[in-house]
Enquirer: 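One structure coming up, written as structure tokens, with questions to follow.
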Amino acid sequence: MGMLDMYSAISGMEADSTWLDVTGNNISNSNTTAYKANSVSFADSLSQTLNPGSGDDSENELGGVDPKQVGTGTRVQAITANWTEGTIQSTGVNTDVAINGTGFLISKQGSDTFLTRAGNLTFDSTGNLVDANGGLIQGYTASIEQTETTIESANGNGNAAALNITKSAYVLNDLDTSAIANININPNMTMPPAATTKMNFTGNLDAAQQVNGATGGVEQMFLGPAVNQDPVLPLGLPLIALNANDFSAAGTLQAAIPPNPAGVLVQNANLSNPAFGSQPAVTGAVNLGAVTADDTGTYAWEQQPPVTPALTSQETVYDSNGNARTVTIQFYQVNDIGGAGINSATGPSQAAYAWYAFDTTGGAAVSTADLVGGTGIIEGQIGAPVTGYDRGVAGNQYWGDLVYFNTDGSLASTGGVQLANGVTTQAMPDIYLPPINPGTLAAPAVPVSPIPSIGAEITQVQLNFGTAGLLGTGERDGLTGDAEGTYQTINGVNTYVPDSHATVTQNGYADGTLTTLAFDETGTVQGTFTNGQTIALAQLAMASVENEGGLNTVGSNYYSQSVNSGAETIGLAGQNGMGTVEGGSLEGSNVNLTVELSNMIIAQRGFEVNARVITVESQNLQTLTQLGQ
């Protein structure tokens with residue numbers, strides 16, 4: 001009688017006991033965040049060979065005999081983790097994150113680095129992003145970067161100092177893996193202001209709104225200059241109507257222009273297919289630096305009674321210090337799409353508007369004193385004796401152009417003109433807001449006017465009236481020149497009531513303090529501030545390994561690399577095979593209690609039966625002992 005059965009039973013009890021250990025551990029972690037259930041696999045132990053067997057013996061007419069082996073029990077072959085994802089559960093906590101897919105968060109404790117999928121994160125008192133163990137979560141944190149734009153160089157027009165616009169902003173650099181460090185966000189952080197750089201216009205300038213004739217002493221604006229030249233509206237002149245005979249061949253105004261109280265308008269070219277030629281001489285436009293309070297009574301908004309604009313739009317913008325500024329834009333219709341005697345005989349009629357921009361901060365009235373841009377107003381640096389701003393390209397000329405439309409209502413012009421190397425092209429116009437006078441208690445802060453050529457920072461704002469194109473190519477993404485008014489009965493007369501309207505958006509803002517934080521699917525921490533802005537403040541770094549099963553489980557929801565886990569790859573959520581991040585959620589345990597309870601029953605039965613084998617063998621040994629008595 002051998003003892004192999006007892007040894008086999010003992011190994012079976014040990015294996016089933018290990019299985020129960022693993023099962024019990026799984027059950028105990030059924031509510032552990034991101035826990036991965038383990039499973040046990042078994043293998044038989046080495047067998048004892050009683051007879052090696054033999055092959056076929058044809059000479060003695062004997063067949064082959066199989067080997068005779070007795071197994072010596074079982075052993076635990078492997079304990080493996082189930083890396084399928086647990087159920088993602090919403091928690092409503094902004095700093096909780098769940099990984100949807102493969103990958104791990106990176107946590108550091110001193111010199112030790114761990115991987116974890118448990119995303120129950122918080123910010124500590126110093127702004128460090130930490131896990132439930134106090135481990136410092138690794139990633140990228142935004143930092144303040146400053147950019148400076150030169151509006152006027154120090155030697156451009158003999159100025160002693162350069163005229164600059166400075167912008168400070170948080171920038172998140174997530175491209176350099178060597179920059180990975182502890183994520184730290186100051187809970188009391190302030191977002192710096194951003195100066196407005198662009199105003200976007202959408203809406204309609206009603207093309208059917210007729211240009212009123214000059215009545216009651218109201219002088220009308222004019223359209224010019226000459227055939228085949230881009231129309232420019234000179235300012236600083238009486239607002240009388242002109243025609244082609246009032247311009248020289250070079251496009252400059254004739255010296256003597258008789259009054260024209262009738263206010264007749266002319267269109268000298270088909271604007272939907274402009275043939276850009278030489279612009280009128282500099283005297284045909286007004287340099288902003290030359291605009292003073294003495295130039296009164298010569299502009300449409302200064303006429304008495306005033307010339308009613310087709311549209312007035314007002315928008316709040318911001319300078320680089322976060323000061324709110326008010327810009328008022330007025331559009332005056334100088335041509336329409338109907339009416340005999342107004343339109344060119346060689347081309348379709350079109351709507352055209354002159355525009356003017358005013359700095360009306362603090363409730364300032366629309367006037368020459370706060371004029372900062374418009375049709376016919378020079379915005380560029382053109383050299384002595386005229387000074388201006390170079391917009392980054394020294395030597396180029398810029399001025400505002402008419403806003404005019406194709407016959408299908410789409411925008412035909414960008415509202416600005418650029419002259420470079422003798423070639424004229426359309427350009428988006430800019431306006432330049434002067435710095436605010438700091439003021440005193442006795443004299444409150446007010447905008448300084450006119451725009452200085454040297455001195456403190458100013459604000460450069462580009463006006464985007466939409467994408468311009470020729471007839472049939474207009475995108476209609478900005479201002480349009482359609483007829484959108486209605487006919488209404490006024491005093492018993494069926495009267496056309498125009499509908500010109502515009503919505504203006506801008507990209508500047510004042511400073512703000514941090515209010516809330518939230519993670520998006522890329523693992524980026526989005527911060528919302530009191531100024532209504534939301535920006536990226538940090539981003540989680542993600543890690544993956546070639547063999548997740550090779551990781552060492554070190555407790556506290558941590559894993560560490562082993563010799564069999566393979567190379568570690570660092571990346572970002574949603575890129576290069578990494579999973580995405582679910583903010584405000586946690587990954588649950590993937591333990592299946594039904595499976596675990598079934599395994600527990602099977603392991604228990606196996607343990608009991610193995611124990612029974614030992615009992616039987618013990619009885620057999622007792623019988624043998626009695627035989628010898």
Side-chain angles (χ1 to χ4, degrees), residues 8-45 73-93 96-105 107 109 114-122 130-135 544-545 547-562 564-565 579 582 584-615:
S8 295
I10 291 173
S11 68
M13 292 177 65
E14 290 177 343
D16 288 330
S17 179
T18 300
W19 193 5
L20 286 170
D21 289 340
V22 172
T23 302
N25 183 61
N26 287 341
I27 293 174
S28 68
N29 284 284
S30 59
N31 293 315
T32 299
T33 302
Y35 175 77
K36 302 304 178 187
N38 290 312
S39 61
V40 182
S41 58
F42 304 98
D44 61 334
S45 296
T74 187
R75 63 184 177 87
V76 175
Q77 185 180 44
I79 300 176
T80 57
N82 177 8
W83 286 97
T84 59
E85 295 172 39
T87 302
I88 294 179
Q89 303 164 332
S90 176
T91 65
V93 179
D96 284 347
V97 296
I99 300 174
N100 189 359
T102 60
F104 298 85
L105 304 178
S107 179
Q109 293 187 3
F114 301 104
L115 305 180
T116 183
R117 287 180 64 91
N120 42 338
L121 311 178
T122 57
V130 297
D131 58 29
N133 305 310
S544 65
V545 294
N547 176 26
E548 294 174 330
L551 291 171
N552 289 322
T553 301
V554 295
S556 301
N557 290 328
Y558 282 156
Y559 301 93
S560 64
Q561 287 184 270
S562 74
N564 196 41
S565 59
E582 296 279 348
S585 303
L586 290 176
E587 180 186 1
S589 169
N590 67 354
V591 171
N592 187 326
L593 287 176
T594 300
V595 172
E596 299 303 327
L597 291 173
S598 299
N599 289 341
M600 184 174 63
I601 294 173
I602 296 171
Q604 180 189 23
R605 292 292 175 86
F607 189 92
E608 291 176 349
V609 173
N610 279 294
R612 183 60 179 167
V613 170
I614 294 176
T615 299

Enquirer: What pairs with Asn29 under side chain to side chain contact (heavy atoms under 4.5 Å, CB included), at least two apart in sequence or on another chain?
Expert: Asn25, Thr32, Tyr35

Enquirer: Which residue pairs satisfy the salt bridge (Lys or Arg N to Asp or Glu O under 4.0 Å) criterion with at least one member in residues 27-38, sequence neighbours excluded?
Expert: Lys36-Glu587

Enquirer: Run the side chain to side chain contact (heavy atoms under 4.5 Å, CB included) test against Gln89 and tell me which residues pass, sequence neighbours left out.
Expert: Thr87

Enquirer: Over all heavy atoms of both residues, which pair between Ser90 and Ser585 is shortest? Give the atoms and the distance, please.
Expert: CA-OG, 3.7 Å

Enquirer: I'd like to check the side-chain hydrogen bond (donor to acceptor under 3.5 Å, both in side chains) partners of Thr18; sequence neighbours left out, ordered by chain and number.
Expert: none

Enquirer: Measuring from atom CE of Met13 to atom OG of Ser8, what distance do you get when rounded to the nearest 0.5 angstrom?
Expert: 13.0 Å

Enquirer: Hey, what do you get for CG (Asp16) to CZ (Arg605), rounding to the nearest 0.5 Å?
Expert: 12.5 Å

Enquirer: Which heavy atom in Val22 sits nearest to a heavy atom in Val40, and how many Å separate them?
Expert: CG2-CG2, 3.4 Å

Enquirer: Excluding sequence neighbours, so at least two apart, what forms side-chain hydrogen bond (donor to acceptor under 3.5 Å, both in side chains) with Thr91?
Expert: Asp96

Enquirer: Heavy atoms only: give me the nearest Leu586-Gly119 pair and the separation to one decimal.
Expert: CD2-C, 3.4 Å

Enquirer: Can you give me every donor-acceptor pair (side chain of residues 592-602, partner residue at least two apart or in another chain, under 3.5 Å) with its distance?
Expert:
residue	atom	partner	partner atom	Å
Asn592	OD1	Thr594	N	3.1
Asn592	OD1	Val595	N	3.4
Glu596	OE1	Asn26	ND2	3.3
Glu596	OE2	Asn26	ND2	3.4
Ser598	OG	Thr594	O	2.9
Asn599	ND2	Val595	O	3.4

Enquirer: Should Val591 and Ile27 count as side-chain neighbours, where that means a heavy-atom distance under 4.5 Å?
Expert: no

Enquirer: Nearest 0.5 angstrom please: Phe42 CZ to Gln77 CD, how far?
Expert: 10.5 Å

Enquirer: Ser39: what forms a side-chain hydrogen bond (donor to acceptor under 3.5 Å, both in side chains) with it, not counting sequence neighbours?
Expert: Thr80

Enquirer: Mind running side chain to side chain contact (heavy atoms under 4.5 Å, CB included) on Tyr559 and Arg117 for me, showing each step along the way?
Expert: CA-CA 9 Å; Tyr559 301 93; Arg117 287 180 64 91; 5.5 Å; no

Enquirer: Who pairs with Asn557 by side-chain hydrogen bond (donor to acceptor under 3.5 Å, both in side chains), at least two apart in sequence or on another chain?
Expert: none

Enquirer: Among residues at least two apart in sequence or on other chains, which ones pass side chain to side chain contact (heavy atoms under 4.5 Å, CB included) with Tyr558?
Expert: Ser107, Gln109, Phe114, Thr116, Asp131, Asn133, Val554, Ser556

Enquirer: Look up atom OG1 in Thr33 and atom CG in Asn120, then write down how far apart they are to the nearest 0.5 Å.
Expert: 4.5 Å

Enquirer: Has Ser562 got a side-chain atom pairing as donor or acceptor with Gly550's backbone, closer than 3.5 angstrom?
Expert: yes

Enquirer: Tell me whether Asn590 contacts the main-chain N or O of Thr84 through its side chain, where contact means a donor paired with an acceptor under 3.5 Å.
Expert: yes

Enquirer: Which distance, rounded to the nearest 0.5 Å, do you find between the CH2 of Trp83 and the CG of Leu551?
Expert: 5.5 Å

Enquirer: Could you tell me which residues satisfy side chain to side chain contact (heavy atoms under 4.5 Å, CB included) with Ser17, sequence neighbours excluded, listed by chain and number?
Expert: Asp21, Phe607

Enquirer: Can you tell me which residue pairs pass the salt bridge (Lys or Arg N to Asp or Glu O under 4.0 Å) test with a partner in residues 76-91, sequence neighbours excluded?
Expert: none

Enquirer: If you take all heavy atoms of Ala43 and Thr74, which pair is closest and at what distance?
Expert: O-OG1, 3.1 Å

